[in-house]
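Order of listing sets the numbers, starting from 1, for every ligand and every atom in it.
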Amino acid sequence: MKAKINVSEIQRMKKEGRKITCVTSYDYITAALAEKAGIELILVGDSAGMVVLGYENTIPVTVDEMILFSRAVTRGNKRSLIVGDMPFMSYQASDEDAVRNAGRFVKDGGVDAVKIEGGLRMKSRVEALTRAEIPVMGHVGLTPQTSPLWNGYRVQGRTENDAEGIIRDAKVLEEAGAFSVVLEMVTSEAAKLITEQLSIPTIGIGSGPFCNGQIVVLHDILGLYDKFSPKFIKKYANLAEEIQKAIEAYRDDVLKGKFPGEEHTFHMKEFKTRQIRRISRR
Ligand code: KIV
């Protein structure tokens with residue numbers, strides 16, 4: 001097995017011009033498959049609230065739920081850098097909350113780093129986490145934990161003013177100690193500027209090709225979640241259709257008496273009809 005990836009390696013990848021590949025994962029099996037595929041960074045994203053737990057958005061997700069997902073992922077993947085996504089209100093109230101909850105992610109969830117959303121307003125949180133020696137990933141542009149409360153899911157950085165705000169936010173996070181920053185649904189022009197101006201890696205989602213790495217929600221690229229399908233998603237499989245077909249074929253077989261077949265059936269040793277009659281009379 002290749003060596004475990006740490007935050008220094010992720011930062012070295014930017015310096016050496018190597019692209020960083022990242023996906024979300026919430027369970028043992030996909031975490032192991034992502035490791036086999038050579039993915040460098042796994043985010044145990046709070047998108048789990050939508051694609052696994054069926055919430056309307058990520059707001060209801062709890063720390064306990066995220067730790068359960070984190071445990072499964074860290075059991076399945078021993079190589080990628082695993083980042084735990086801190087859910088809404090697990091860090092917004094105070095630096096102390098942020099450090100205590102991030103500590104739970106590391107101690108109980110087994111993750112290597114945490115991610116929080118927000119720019120300038122999160123400066124002291126990133127500083128507090130860095131002081132506690134917990135690596136932090138920032139997240140600017142569209143911030144899904146609070147965008148449903150304000151103006152919904154919109155592309156960020158369309159105007160010069162807007163772009164300047166995102167660049168400032170990203171720089172503040174870098175100065176505060178973040179080891180990398182996610183840029184979500186940021187115009188490709190603004191994402192390019194940020195990537196050039198930061199020394200830490202930028203990881204884009206819906207932010208064009210110039211970021212140092214890319215992240216996707218696994219359920220989106222596998223075609224497992226179609227309630228919400230923005231322009232930036234590329235489907236690499238249509239697993240929802242495949243799974244539906246498999247479940248229907250199974251049901252059909254059961255109804256027609258084709259499953260279980262002889263090859264799926266266990267038998268008693270030297271079973272004799274007379275013996276079973278005797279047993280059933282007891
Ligand atoms: O929760 C998540 O999946 C995320 C990604 C969109 C970056 O935060």
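Close approach of ligand 1 to H139 (heavy-atom distance below 4.0 Å) involves ligand atoms 8 (O). Close contacts of ligand 1 with S47, meaning ligand atoms under 4.0 Å from a residue heavy atom, involve 1 (O), 2 (C), 3 (O). Close contacts of ligand 1 with I205, meaning ligand atoms under 4.0 Å from a residue heavy atom, involve 6 (C). In summary, the atoms of ligand 1 found under 4.0 Å from a heavy atom of T24, numbered by their order in the structure, are 3 (O). Those atoms of ligand 1 that come under 4.0 Å of a heavy atom in V217, given as number and element, are 3 (O).
Of the polar atoms of E184, none of the N or O atoms is found under 3.5 Å from an N or O of ligand 1, judged by distance alone. Backbone and side-chain nitrogen or oxygen atoms of D85 are examined, and one is located within less than 3.5 angstrom of a nitrogen or oxygen of ligand 1. Considering backbone and side-chain atoms together, E117 places no N or O closer than 3.5 Å to any N or O of ligand 1.
Heavy atoms of K115 come nearer than 4.0 angstrom to ligand 1 in at least one pair.
Side-chain atoms of E184 and T143 form no donor-acceptor pair, as typed in the model, at a separation below 3.5 Å.
Surrounding OH of Y28 are at most 12 heavy atoms belonging to other residues, nucleotides or ligands under 6.0 Å away.
Among I10, L81, V23, the one residue that satisfies the side chain to side chain contact (heavy atoms under 4.5 Å, CB included) test with E40 is I10. With L120 as reference, V172 is the one residue of V140, V172, L173 to meet the side chain to side chain contact (heavy atoms under 4.5 Å, CB included) rule.
Annotation: side chain of S80 is not in contact with side chain of I5 (no heavy-atom distance under 4.5 Å).
Ion pairing of K227 with E56 is present here, as a side-chain N (NZ or NE/NH1/NH2) and a carboxylate O approach within less than 4.0 Å. A salt bridge is absent between R131 and E127; no separation between the charged side-chain nitrogens and carboxylate oxygens falls under 4.0 Å.
Considering all non-hydrogen atoms of both residues, V111 and I82 come closest at CB-O, 3.6 Å.
Heavy atoms of D46 found under 4.0 angstrom from ligand 1 belong to the backbone as well as the side chain. By the criterion of a heavy-atom distance under 4.0 Å, the side chain of L43, and not its backbone, is placed next to ligand 1.
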